[in-house]
Amino acid sequence: MRRNFAVLFFALARILTGQAQDLSLWYAKPAMNWLEALPIGNGSLGGMIFGGTANERVQFNEQTLWLGSETEMGSYQPFGDVFISWSHSTTTEYRRELDLRDAIQRVSYRDGDVIFQREAFSSFPDQVMVYRFTADKRGKYSGTIRLADVHQARITATENKITSVGTLTNGLDYEAQLLVLHEGGAVTAKNNSIVVSNADNVTLLLAAGTSFANDPLKNWRREHPHERVTQRLAAAEKKSFAELCAAHVADYQKIFSRVSLNLGTGKNDLPTDVRLEARKAGKADPALEALLFQYGRYLLISSSRTGGLPANLQGIWNQDVKPAWYSGYTTDINIEMNYWLAEPTALAECLPPLFDWLHNIAITSKRTADPRITAQRGWFNYSTMNPMGGGSKWGVHKPGSAWLVQHLWEHFAFTGDTHFLRAVAYPAMKEIVEFWETELVTNANGKLISPGGWSPEHGPLKQGDKIVIKEGDRTLHPGVSYDQEIVWDLFNNFAEASQVLGADAEDRAKVTSIRDRLLGPKIGRWGQIQEWMEDVDDPNDHHRHTSHLFALHPGRQISPLTTPGLAAAAKVTLNARGDTSTGWSKAWKINFWARLGDGERAHKLIGELFKVSILDNLFDTHPPFQMDGNWGYTSGVTEMLLQSHLRQDGQQVLQLLPALPFAWPDGEVTGLRARGGFVVDMAWKNGKLVTAKIHSFNRNRCRVLYGSEVRDLKINANEDWFWK
Ligand code: FUC
C-alpha cells in the first residue's frame, strides 16, 4: 500500500510539476546592456540575445575561438554580432522570455495591429543557431541584417548569405556564416548586408567554426572551417523550422528533464528582474530559488557538451576582447566548481569536455618546459589555463591535478561504471599518486607533508615581529592544509578505486599507510581549522578562498558524522571568514554549511548570494560576471537536499534532506543522483520527509539516513526501494 502510494505520489507530482512549474525568466523590456541579455547555447555556439524590437542584437561566441597556445595563455575571444533592424515604430505588449523547459527564447510584441513573435535556440543536433521571426499579418518584415566581427574579418554578402572570415594573431582561422531564409517578399544582398523587403516571416541560421582541433597530438589545429560551416548550414537549410526545433527540444529535454525541483509553486506573474529586486529586499520566493537551481543546469547543458571544450569562467558567453581572467580555466576552485552539479543533477552529457581537457593538459604539461615544473612522475598545472594547457604563469599550482582527477573518481562513484574507472580514472589518479609519493617529505614529528605549497590566494608573511596574511602572496610554505587535504582525498580515492578493481594490492597498502601519516587537518589556537601548518590564522581574515575546508567540501575527510571535532572547528573557521564575499565564495559556503547540516545558515547564504551577486539575467557576478557562482549555487542546493559522501560498514551512506531550511517547508525533488549509482526522489511537507523512492542502477547495499532514523538495505539492479 505504502509502495503504491509512493509510486502514485511521484507520478502525480511529476505531472503536476511538469505542468504547473513555470521555469521561465521573463522581462517586460528588451535588454539595455549585455548583462541583461539572455543566453542560449548548444555547448559550443552561444548567443546573448537582447530582444530589441526595431534594433535587435545577438552577440555570439564559439568556444574554440582562443588566442594563445600550449605555452602562452592568450584569452577567450568574442566571435561577432548579428545586428537586425526592422522598420517597426512604437511597440506595445512586449515580453521576452527564456523557457528552461525547452531552451527556447521567445520575444513577442505588438506594433499597431500586428503581433510579432520570435523564437531563438542553439541546436546541438544540427550545430546551428536558429532565430525565427513571424507575424500574424503578411509582408510585415522589412529591414537590414548585418554580421559584425570584433577582429579584422573580411565580411561579404551574396544572395541570402553573409560570411565573415578571419585569422587571429595565433594563426587560428575562423569563419561564421549567416543564412537569411524568408517566406513572402524579397531578400537581396547589399553593402555586405542583407536587405529584407515585405517578408511574411524570416528565419536566420548561423553557423561558426574555427581551425582549432581539441587534440595536442595534432598541435591543436585542423583544416579551415569553411567547408564544415558551409555544410552545416546547407544541411540545416533542408530542414523545416519545426524539424530543427523538434530535434533541439528532444535533445535538450532528454538531459534537462531528468531532475525536477519544486520548492513551492510561486506565481511567475512578475518579470524576473522585478521578482529579483523583491528577493534582494528580503521577500521570500522559494520558486525563484528553484528557478536559479534549474538555471544552473540549463547553463551547463548550454556550454558543455560531448566533443567540446569545458565550460570556462563565463561558460561560453563573452563579449570582451580582454576578458577578466582571460575567461579561462582557473584551477584553484573555479573550474572544479563549474562541474560540481554535473553528477548529482544528472548531467552526464556535460562531463566529457572536462575529462578530455584533463587528458589533454596532462599531455601538454608533460611536454612543456618550465623550470618550475620538475616533476618526474605525473603532472601538475598552472592556476589559470587555456584549453591547450598554456597557463598565465601567475602561479604553478601543484595540487591542481589532484583536485581535477577527483572529478574522474566521482564519475565512477556516481555511476558505478567500472569500465570508466579502469580505463580512464584509475590510470590518471595513479600518475598523480606517484607524483605525490615522491613529493611528500617527513617532518620532525614523523608526519608526511607537502614540502612547499600555497593556500589560494593569499599567505602569511613576517612583518617585523608580526605575521600578516597578504592577498595574492605566493610564498611557499610546508604542510599547507590545502595541499594536505587534497592529497589525502587523492590517496583515499585511489585506495578505494584499487579495491574496486582488485588491482595493485601492494600499492593500495602503501598508499593507505601514507594517507594515514599525512599531517592534518589541525585545530588551531582559536578553535579553527588551521590554514597553514603553523598556527598563524588571523580570526579577522575574510578572504574569499576557504581552501583549508576542502576536506569538508568537496572532500570527505571532515564530516559531522565521522569527525565531529573537526566539523565544529570548520564552523569556527566559516564564522570567522563571514558570509560577505564574492559570488563563487558564497556559493561554496552554501555547500559547506549544507555539509555541516545547517540548512538555516546555508539558506542565509542563498539570501546573500541573491542580494549581492545575482544580476538581472540571473548570471552570477564575482564581480565581474563569472558563471562559477551559478553552478556552485545549484550544487549547494543539491547538497542541502541529498548527500552521499560517506561510506560506513562497506556501504554507501545516503542522507536525505540533511540541511532542509525552514524557508522550504513543502517540496519535492525527483531524479537527483547519489554515489553508488542511485536515483533519489523525495517529497516533504511541513519540513518532514513524506516519502522517498530510491532507484538503483546496480545491485547494491546502502545505508539511508534521515534525521536520526537509519535503514540498511539491499537493492537489486534496476529496482526501487521506498522509504517507510
Ligand atoms: C581565482 C579567484 C578570483 C577569481 C579568479 C577567476 O583566482 O581568487 O577571485 O575568481 O579565480
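Every number for a ligand or one of its atoms is a count from 1 in the order of the listing. The first residue in the sequence is number 1, and the count goes up from there.
Residues P353 and L309 have side chains not in contact (no heavy-atom distance under 4.5 Å, counting atoms from C-beta outward). For the pair L299/F619, a side-chain contact is recorded, criterion being any heavy-atom separation below 4.5 Å from C-beta on.
Using a cutoff of 4.0 Å between basic side-chain nitrogens and carboxylate oxygens, R279 and D285 are not scored as salt-bridged.
Per-residue contacts place Q626 under 4.0 angstrom from the following atoms of ligand 1 (heavy atoms of the residue considered): 4 (C), 6 (C), 10 (O). Near R544, with a cut-off below 4.0 Å to any heavy atom, the atoms of ligand 1 are 2 (C), 3 (C), 8 (O), 9 (O). Those atoms of ligand 1 with a heavy atom of N334 less than 4.0 angstrom away are 1 (C), 6 (C), 10 (O), 11 (O). Which parts of ligand 1 touch L313 is read off a 4.0 Å heavy-atom cut-off, strictly below it: atoms 6 (C).
For R305 and F124, the positive end sits near the middle of the six-membered ring, less than 6.0 Å away and at most 45° from its axis.
Atom 1 (C) of ligand 1 has E457 OE2, 2.9 Å as its closest protein atom, hydrogens excluded (heavy atom only). The nearest protein atom to atom 8 (O) of ligand 1, hydrogens excluded, is given as H545 NE2, 2.6 Å; this is a heavy-atom distance. Nearest protein heavy-atom contact of atom 10 (O) of ligand 1 is W584 NE1, 2.8 Å.
H397 and W454 have perpendicular rings, their planes meeting at more than 60° on a 0 to 90° scale where under 30° would count as parallel. Below 30°, between 30° and 60°, or above 60°: for F79 and Y174 the angle between ring planes is above 60°, a perpendicular geometry.
N334 and N338 are not linked by any side-chain donor-acceptor pair at a separation below 3.5 angstrom, with hydrogens and angles left out of the test.
H543 pairs in a side chain to side chain donor-acceptor pair (under 3.5 Å) with only one of the listed residues (E531, E471, E457, R577), which is E471.
Not a single heavy atom of T582 sits closer than 4.0 Å to an atom of ligand 1.
The shortest N or O to N or O distance between W325 and ligand 1 is not below 3.5 Å. Here's the thing with D628: none of its N/O atoms is less than 3.5 angstrom from an N/O atom of ligand 1. The N/O atoms of H622, backbone and side chain alike, include one that comes under 3.5 Å of an N/O atom in ligand 1.
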